[in-house]
Each structure stands twice: as structure tokens, then as C-alpha cells.
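Contents: one structure, followed by commentary.
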Amino acid sequence: MSALSDQLVTFAILAYLVAMISHAVEYALGDARRRTAAAAPARELVGAGVGATGEVEPPAADDAPPVRDRVAERGRLAGRIAVAVTALAAALHLGALVTRGVAADRMPWGNMYEFVLTVTWIGVAAWLAVLVKRPGLRQLGLFLTLVQVLLLAFAELKLYTEVVPLVPALNSYWFIIHVSTIVFSSGIFLLGVVPAVAFLMRNGYEQGRRSFPYTLAKRLPAAAALERLTFGLHAFSFPIFTFAVIAGAIWAEAAWGRAWGWDPKETWAFISWVVYAGYLHARATPSVRRNVATWIAVLGFLTVLMNLFGVNFFFTGLHSYAGI
Amino acid sequence: MTPVDDRPAAPPAPAPRRRVNPVLALLRNSWRQLTSMRTALMLLFLLAVAAIPGSVLPQRGVNPERVDQYFVDHPEWAPRLDRIGAFEVFGSVWFSAIYLLLFVSLVGCITPRMRDHVRALRARPPAAPKRLERLPQHAVLAAPAAADPAAIAAVLRRRRWRTEVRGNEVSAEKGYLKETGNLLFHTSLVAVLLGVALNSWYGWHGNRLLVAGEDNAFCNTRQQYAEAKLGPRVDSADLPPFCLTLERFEARFLESGQPEFFNATVSVEEQGKAARAADFSVNSPLRLDGANVYLLGHGYAPVIRYTDRFGRSQTSTVPFLTTGDMGLTSEGLAAFPDANVDPKTGRRDPNLQMAFTGLYLPTAPDSPPFVRSQYPTERNPALNLIAYRGNLGLDAGIPGSVYKLDQRQVDAGRVKQVGDKLLRRGESWKLDDGTTVEFLGTERYVTLSVRKDPGSTLLLVSSGTLLLGLMGSLFGRRRRVWFRVVPAGGDPGNGSPTSGSSLVEAGGLPRTDNPGFADEFTQLVTAVRGDAKPAGSREGAE
Ligand code: HEM
């Protein structure tokens with residue numbers, strides 16, 4: 001069972017890679033078409049915040065030659081294939097998690113390897129859910145699949161651990177409550193950083209920047225839609241993360257004899273929480289520009305990553321179950 | 001999210017041309033600065049940054065040994081870092097200053113908002129704007145089912161809107177939950193801080209090791225703890241009196257040596273109650289009146305009997321500390337400073353004191369070297385002892401560890417090694433001077449943390465309200481709608497279409513970012529209208 005899980009992970013990574021390439025093809029073909037369609041000004045969707053969606057199919061160029069149309073059609077097809085392959089990858093990924101859990105006879109969150117596997121799956125599942133509601137955001141898939149490939153390959157190469165049962169300290173229903181919510185909120189934060197970065201690039205592009213990272217944003221959905229998605233994901237995830245931290249404290253009281261002891265993981269959870277609270281405040285403050293607020297969200301994700309990887313590698317603490 | 005002004009500017013008071021006291025002005029300005037959102041943001045950011053050294057550098061409260069190690073490794077830097085509190089970040093002046101300022105800012109920020117909110121809760125929904133068609137949502141209904149203001153208000157109230165009828169107009173508002181939640185959330189933060197303060201002022205905790213057996217019972221007094229910390233408002237006399245005896249300790253391990261299950265059985269005597277047996281374990285502490293007992297670790301205590309030259313035996317049960325490997329290899333020291341006291345004269349020769357340092361291997365390998373246990377339970381127990389004779393230095397009053405031989409005495413030649421031997425359970429070893437040492441067996445021991453955290457309940461409750469408030473705050477949506485009934489043939493507002501008999505004009509205003517408002521508005525209008533479609537309803541932004 002455990003070997004099957006490992007194979008499924010490998011296939012899932014390959015599938016994400018294919019999806020990423022497919023997204024890139026759509027991107028490139030779209031670019032080709034765009035060059036002919038007279039640089040149409042980006043449609044502003046900021047208006048009043050009501051009914052704004054992410055639908056930004058680029059305006060069809062009426063006067064474009066039929067060849068270009070075929071290219072565009074092929075681009076859209078590539079995009080659709082990319083989404084289908086992403087869904088397939090997510091299914092394989094889920095299979096890997098389930099088989100791993102069956103092999104270990106417990107939830108597959110016992111060490112860092114399994115943890116990353118689950119967080120990335122949550123990220124991609126939430127992405128597919130977002131796509132159902134906002135198909136126009138499809139191009140973001142390029143970034144998401146890139147993140148998936150990087151994280152999963154890293155997990156596979158650097159973090160891989162054999163299946164073992166839980167140590168007694170983890171053997172508690174709090175394990176499921178605390179870890180599932182941490183994994184879930186981390187997965188949403190992971191997804192949230194994709195539109196956040198995309199917004200930062202797109203926003204620069206819309207403000208007329210034409211230097212390197214901003215030019216990548218040419219085909220991205222409108223900045224306002226990206227910003228809105230960024231906020232939505234973070235607002236959704238933050239209370240769950242808060243709950244997870246509280247549940248962790250309740251568990252720590254029972255397991256370690258104190259609710260909060262500034263163990264490195266606890267410290268970084270605190271830091272992440274404060275940074276995300278800072279993001280929500282910044283976004284609610286009109287005098288703080290949206291791109292500044294979004295940078296804070298990106299920073300928040302860096303602190304989450306730090307907690308996921310850095311703390312396990314650099315510090316020792318009570319959360320030393322990572323199995324590396 | 002409500003866009004929040006940096007601080008609702010105080011309404012420009014009719015400036016009395018009087019000289020303002022500059023100190024007062026400065027104070028007022030500072031206060032305004034401190035309670036501004038910008039300052040709160042800066043302080044939040046600072047708080048996050050200030051917490052980082054707490055994870056990078058070892059902390060006394062978390063791991064004092066690693067702090068000592070840091071002093072050894074970085075003799076240059078450590079004292080300087082220590083001076084600025086870098087090893088006790090979370091109790092340091094600068095960390096405290098940041099969060100105290102933040103909380104002052106927080107209180108300063110929520111108090112006026114609380115007042116405003118109570119006012120808003122009592123106030124009636126405001127009168128309709130003159131031109132409803134200017135609102136983000138607008139619809140005109142011809143001959144709706146509910147055509148008089150009272151009926152419309154009833155429809156709205158059924159949907160839990162707060163309504164107010166003024167003549168031919170209905171004003172309605174909904175979504176106060178957002179601000180209520182937000183205030184609840186921020187107030188809960190203050191309560192969390194209070195809980196933390198209660199814990200540190202009125203709480204106490206101590207750690208100790210408890211060996212199994214009647215003779216090793218432990219009673220809860222300050223002296224019985226290896227290390228204890230009492231909050232500034234706690235006195236040694238405040239520790240609740242109870243006694244614990246470890247009856248049994250069970251541990252199960254997987255074949256790999258990974259622990260699977262722990263359980264400690266103790267007998268508990270509390271004041272005024274009969275002794276009772278209780279089990280506890282990792283994840284399920286022993287909850288007593290006035291304190292909780294947590295199982296932190298466990299190990300073996302070899303029982304060693306030494307018979308001196310006068311034939312007098314002493315038995316010692318010495319907890320050996322685990323060295324951290326999977327097999328529970330443990331090391332320790334059995335000291336017999338009172339050995340070889342001449343029973344006739346009662347005189348003690350300080351140079352004939354005995355000590356044994358040793359490694360205990362619950363599962364010794366089949367062949368040497370016998371330095372590492374292979375499994376955590378006692379499958380093949382062996383005790384590897386080194387005997388020392390001489391002045392152990394315990395009389396000199398130099399504080400030494402009970403787990404380690406005083407190396408200074410060894411280096412000075414006052415204590416000499418007199419041999420080593422591997423002992424199985426029940427074996428004895430005759431030393432060069434004819435005295436014997438026997439390894440009788442082992443007892444289990446557990447390491448315990450005993451604590452009282454009086455703020456826990458407050459912390460738990462306020463975390464709950466914090467979460468509730470947060471959800472209300474993030475997902476609540478404040479919005480208003482107005483309906484105006486225009487009598488037949490009348491002029492509804494300005495230039496809106498007029499036809500038929502009785503017309504109802506409706507407008508809606510989302511007061512917060514609210515993508516679902518258009519749908520909600522349409523549904524409301526449909527409900528007011530009855531079943532037919534709203535006439536000329538307009539959706540979307542201006
Ligand atoms: C201990 C420090 C603080 C923390 C951890 C904190 C946390 C939060 C969080 C997580 C939110 C998000 C909830 C939401 O978006 O509705 C929030 C909202 C808010 N906070 Fe704070 N806060 C703190 C201090 C302050 C201070 C000092 C102020 C006043 C200057 C303040 C004013 C606000 C306001 C006005 C909102 C509402 C934003 C909105 O309308 O959505 N907070 N706070």
C-alpha cells in the first residue's frame with residue numbers, strides 16, 4: 001500500500017507538470033494572439049465592488065486574421081486540457097494520501113512528508129473549487145501547478161519518510177482536530193498566495209510597468225478580481241487557522257502540561273497569526289494601498305512556510321515529529 | 001470589510017480661540033496617534049518581528065540547558081545578548097512594551113467604537129435618500145402584492161431586517177453582526193491577555209521525578225521539587241497539599257522501539273479525602289483539586305546494594321537519566337558517601353566513600369561494546385558500572401549534580417577509579433578491597449510536571465468568543481434597503497417611469513464589500529412584489 005502511495009505521488013507530480021506545461025502553452029498562444037489584437041486597454045472591473053467577477057476573457061479581436069483565431073482556439077483548448085489534467089493530478093494526489101493513510105492505519109499527517117502532501121492537496125482542491133465559481137481565473141493555474149510541482153518534488157526528494165505509526169503524544173483526537181485544521185488553513189493560504197503574487201504583478205502592469213516580472217501579468221485576470229480572490233481566500237482561512245492554533249493550545253495543555261510555551265512552532269504560528277491579522281487590518285484601512293496589504297499576505301505565507309520547513313530543519317522543539 | 005477611517009476625525013469643534021495647553025495638546029495628539037490604525041499595524045508588525053529571536057535563540061523558559069550550551073559556544077556574544085533579554089524574549093522589556101502599547105492602542109480604539117455601536121444599535125434605520133435610483137441597487141415595482149409600507153415592512157421583518165416606517169417610506173437595515181463581532185473579537189483579545197496575566201501572577205509549576213514504590217512518595221511542597229516556579233502572587237504555603245505514590249508504570253513499544261502507549265498508575269492522597277488510585281498518561285493528565293499533573297517522561301532506576309568492609313549494606317534506588325536514544329540507554333550515579341563508617345568508633349573515613357557511575361541498558365547487545373541499548377523494554381538488562389573510591393567532595397558543600405560525579409575531585413586525584421564491570425540482574429561484583437556491589441533490579445520512574453494555571457478557564461472562554469467574534473466580523477455584512485410607495489399617478493422620486501396605479505420604488509446600499517448583495521436585493525424585491533417579476537429592475541453598479 002505504501003509503495004502504491006509513493007507511485008501515485010510520482011504520477012501526480014508528473015501530471016502537475018503536464019498541466020503546468022499546458023497552461024504555459026495557453027499563455028504563449030494567448031500572447032501570440034494578443035500581439036495582433038491592438039493593445040486593448042485592460043478592462044477595469046473595480047466598479048463599486050458589486051457583481052465584479054474574474055471573467056476576463058480577453059476581448060476578441062474582430063479584425064484578426066483567421067489563423068490567429070485558430071491559434072487562440074488552440075490556446076483555449078490547452079487551458080482546458082490543463083485544468084482537466086490538474087483535476088486528474090488532484091485525483092492521483094488524493095489516491096496517494098488515502099493509500100498512505102491506509103498503509104499507516106491513521107490520518108496521513110504524522111510527519112513533514114505527509115504534511116506537505118496533504119497541504120498541497122488542499123491547495124489544489126480549493127483551486128478546483130474556485131475554478132468552478134470563477135472559470136475566468138484559469139490562467140492562475142500556471143502559478144499554482146508550479147507551486148505544486150516544486151513543493152511535491154521537494155517533499156519527495158528531501159522529506160520522504162517510511163510509514164510509521166504515531167508516537168503516543170500524537171495519539172489523541174486532538175491530533176485530528178488540530179492537524180486537520182492546520183493542514184486545511186495552510187492549504188488555503190498556499191492557494192491564497194497565488195492570486196496575491198499574480199495581483200502584485202498585474203497591478204504593476206495595469207499601472208504601466210513594463211519591466212520583467214510585470215510583463216508576465218499581461219494575460220492575467222484584472223487586478224481587482226485577483227485582489228478580491230486573495231482577500232476571500234485569506235478571510236476564509238484565517239478563522240480556521242485561528243481555531244487550529246487554539247485547538248493546538250488546548251492539546252498542548254493536555255499533552256505537554258502547558259497551553260502555550262513558546263516552542264518554535266508555537267512562536268511561528270504566533271508570528272503567522274499576527275502577520276495575517278496585519279493583512280486584514282491593512283486591507284480594511286483605506287490609507288494603506290492594496291498592494292502594500294497584499295505584500296503583507298505574501299509575507300504571511302512566508303512565515304507559514306518557515307513554520308512548515310524552517311522550524312523543522314533549524315530548530316528543535318516539542319513538535320519534533322517531522323521525521324527527518 | 002468596512003473601510004475604516006484612520007480614526008474618525010473628531011467633528012471640528014467650533015474653535016474657541018483660546019490658547020491650548022501645549023502639554024495637553026501633545027498628549028491628545030499622541031493618544032490619537034497611538035490609537036490610529038496605522039500605529040496598530042506598525043505595532044502588530046513589530047510584535048511579529050520581535051518574536052523571531054524567540055525562536056532562533058534558545059530560551060530559558062523553554063530549554064535552559066541549551067541556553068547554557070549557547071554561553072559555552074558563544075562566550076563573546078552570549079552575555080551581550082543576555083543583557084538585552086534575548087534568552088527570555090517573551091518576558092523582555094521590549095517585547096512587553098510592544099504588546100502593552102498594542103493593547104493600549106486596542107482599548108483606545110475599541111472603546112469609542114463600542115459607544116458608537118451601541119448608539120447605532122439603538123438608532124432607527126435612516127430615512128431614505130431622495131433619489132433611490134442613484135443607489136447601487138434599484139428597482140421599480142408596478143402593483144406589488146405588498147403595496148403599503150406596513151406590509152412591506154412585514155415582509156422585511158420576516159427576513160430579519162430591522163425596519164422603520166416613515167410615512168410612505170420603509171427603511172431597513174441588517175448586518176449589525178459585523179461590528180458586534182468585531183468588537184467581541186477585540187474585547188476577547190484583551191481577555192486573552194488577562195488570562196495570560198492571571199497565569200503568570202497566580203500560577204505555579206514544578207517538575208520532579210517520581211520513582212515507583214511506597215518509599216518514594218512525593219508530597220506537594222516547594223522543597224520536593226527539583227525545579228519550581230511560583231508566580232509573584234503565590235506563596236509556598238499556597239501549594240495545595242496532596243501526595244502521590246507511583247504504583248505502576250506501563251509502556252508499550254513497537255518493534256522499531258518507537259513508543260506506542262504509556263500509562264502511569266498512582267495512588268493519590270488529597271487532604272480530607274480517602275486515598276484513591278488514578279491513571280494518567282500523555283494527553284490525559286491527572287486533574288487534582290488545585291493542580292494538574294502531567295506525565296513528561298519515564299525511565300529506569302537501578303536498585304544497587306553496596307556492602308562495605310564492615311559488612312554493612314546500603315541499598316539505593318537511583319534514577320538513571322535517559323540519554324535520548326530509542327533504546328532508553330540511561331546513565332546515572334549511585335553515591336554512597338556514608339559507606340565504610342566504622343561501627344565501633346562511628347568514625348568515617350572520607351577517603352573511603354564509594355560511588356558508581358554507570359550505563360543502564362534495558363536491552364544490552366549480545367556482545368560488547370555494551371554502550372547502547374537496543375530496545376526500550378528490559379529484554380536483556382545489563383548495568384555497566386565503574387567504581388570510584390575516595391572523597392566525593394559532597395562534604396565540601398560544592399553544589400553538584402546528583403546525577404554526575406564531581407569531575408573536579410577525579411581530576412585532583414581525590415577520587416580514584418577502581419575498576420568496571422558489566423552486571424546482570426542479581427549479579428554481584430567483589431571489589432579489590434573485598435566490598436561488594438550488587439545489581440538487584442530496577443524500578444520504573446516517571447518525570448512529572450505539576451502545575452496550576454488559574455487563567456486557563458478565562459483563556460478557553462475568551463478564545464471561543466474570539467473565534468465567534470472573528471467570524472461575525474469577517475462574514476457579517478452590513479446593508480440597507482429602502483422602499484418608497486408612490487401613490488397612483490404620483491411622481492416616484494425623480495423621473496422614474498410611472499405607469500399603472502400604485503408603484504413601489506426600491507433601493508439598496510451595501511455598506512461593506514458584498515458580492516452577493518445584488519442577488520439578495522433581487523430576492524427581496526421579488527418577495528415584496530409577490531410572485532410576478534419586478535418591473536424594470538436594474539442590477540449592477542452605476
Ligand atoms: C492585539 C492586536 C490586534 C489584533 C491581533 C487584531 C486582529 C484583528 C483581526 C484578525 C481583524 C480581522 C477581522 C475583520 O477583518 O473584521 C481585525 C479587524 C479590525 N481591527 Fe483589529 N486587531 C488588533 C488591534 C486593533 C487595534 C489597536 C485597532 C484600532 C486601531 C483595531 C481595529 C480594527 C478594526 C477597525 C477592524 C475591522 C476591520 C473591518 O472592518 O473589517 N484592531 N483586527
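Chain identifiers are assigned alphabetically (A, B, ...) following the order of the sequence lines, protein sequences preceding nucleic acid strands; residue numbering begins at 1 within each chain. In this text the structure is predicted, and so the values were computed from the model without any measurement.
Heavy atoms of B:Ser463 lying under 4.5 Å from chain A belong to its backbone as well as its side chain. Only the side chain of B:Leu460 comes within less than 4.5 Å of a heavy atom of chain A; its backbone N, CA, C and O stay farther away. Using a 4.5 Å cut-off between heavy atoms, B:Val89 does not touch chain A at all. Of the two parts of A:Ala235, the backbone and the side chain both hold a non-hydrogen atom closer than 4.5 Å to a non-hydrogen atom of chain B. Only the side chain of B:Leu466 comes within less than 4.5 Å of a heavy atom in chain A; its backbone stays farther off. Proximity to chain A (any heavy atom under 4.5 Å) is restricted, for B:Phe475, to the side chain, taken from C-beta onward. Interface residue A:Phe270: only side-chain heavy atoms are found under 4.5 Å from chain B. Of the atoms belonging to A:Trp174, not a single heavy atom falls under 4.5 Å from chain B.
In terms of heavy-atom proximity, B:Val282 sits nearest to A:Ala255 at CG1-O, 4.2 Å. Annotation for B:Tyr294 and A:Ala254: closest pair CD2-O, 3.8 Å, computed over non-hydrogen atoms. When all heavy atoms of B:Leu474 and A:Pro239 are compared, the pair lying nearest together is CD1-CG, 3.6 Å. Closest non-hydrogen pair, B:Ala51 versus A:Thr267, comes out as O-CG2, 3.4 Å.
Note that CH2 of A:Trp256 is 14.5 Å distant from CG of B:Leu295, once rounded to the nearest 0.5 Å. Rounding to the nearest 0.5 Å places CE of A:Met306 at 5.5 Å from OG of B:Ser55. Note: A:Ile240 CD1 to B:Met471 CE = 9.0 Å, rounded to the nearest 0.5 Å. The CD1 atom of A:Ile246 sits 5.0 Å away from the CG atom of B:Leu467 when rounded to the nearest 0.5 Å. The line from CG of B:Leu470 to CG of A:Leu280 is 7.5 Å long, rounded to the nearest 0.5 Å.
Interface summary for chain A: among B:Leu459, B:Asp453, B:Ile52, B:Leu296, the most heavy-atom pairs under 4.5 angstrom belong to B:Ile52.
Contact annotation: the side chain of B:Phe45 approaches that of A:Leu299 to within less than 4.5 Å [non-hydrogen atoms, C-beta and beyond]. By the 4.5 Å heavy-atom criterion applied to side chains, B:Arg38 and A:Ser287 are counted as neighbours.
Using cut-offs of 30° and 60° on the angle between ring planes, the pair A:Trp262 and B:Phe90 is parallel.
Atom CE of B:Met42 has 12 or fewer neighbouring heavy atoms from other residues, nucleotides or ligands inside a 6.0 Å radius. Counted within 6.0 Å of CZ on B:Arg287, heavy atoms from surrounding residues, nucleotides or ligands total more than 12; the atom is thus considered enclosed.
B:Arg451 places a side-chain N or O within donor-acceptor distance of the main-chain N or O of A:Gly257, the cut-off being under 3.5 Å.
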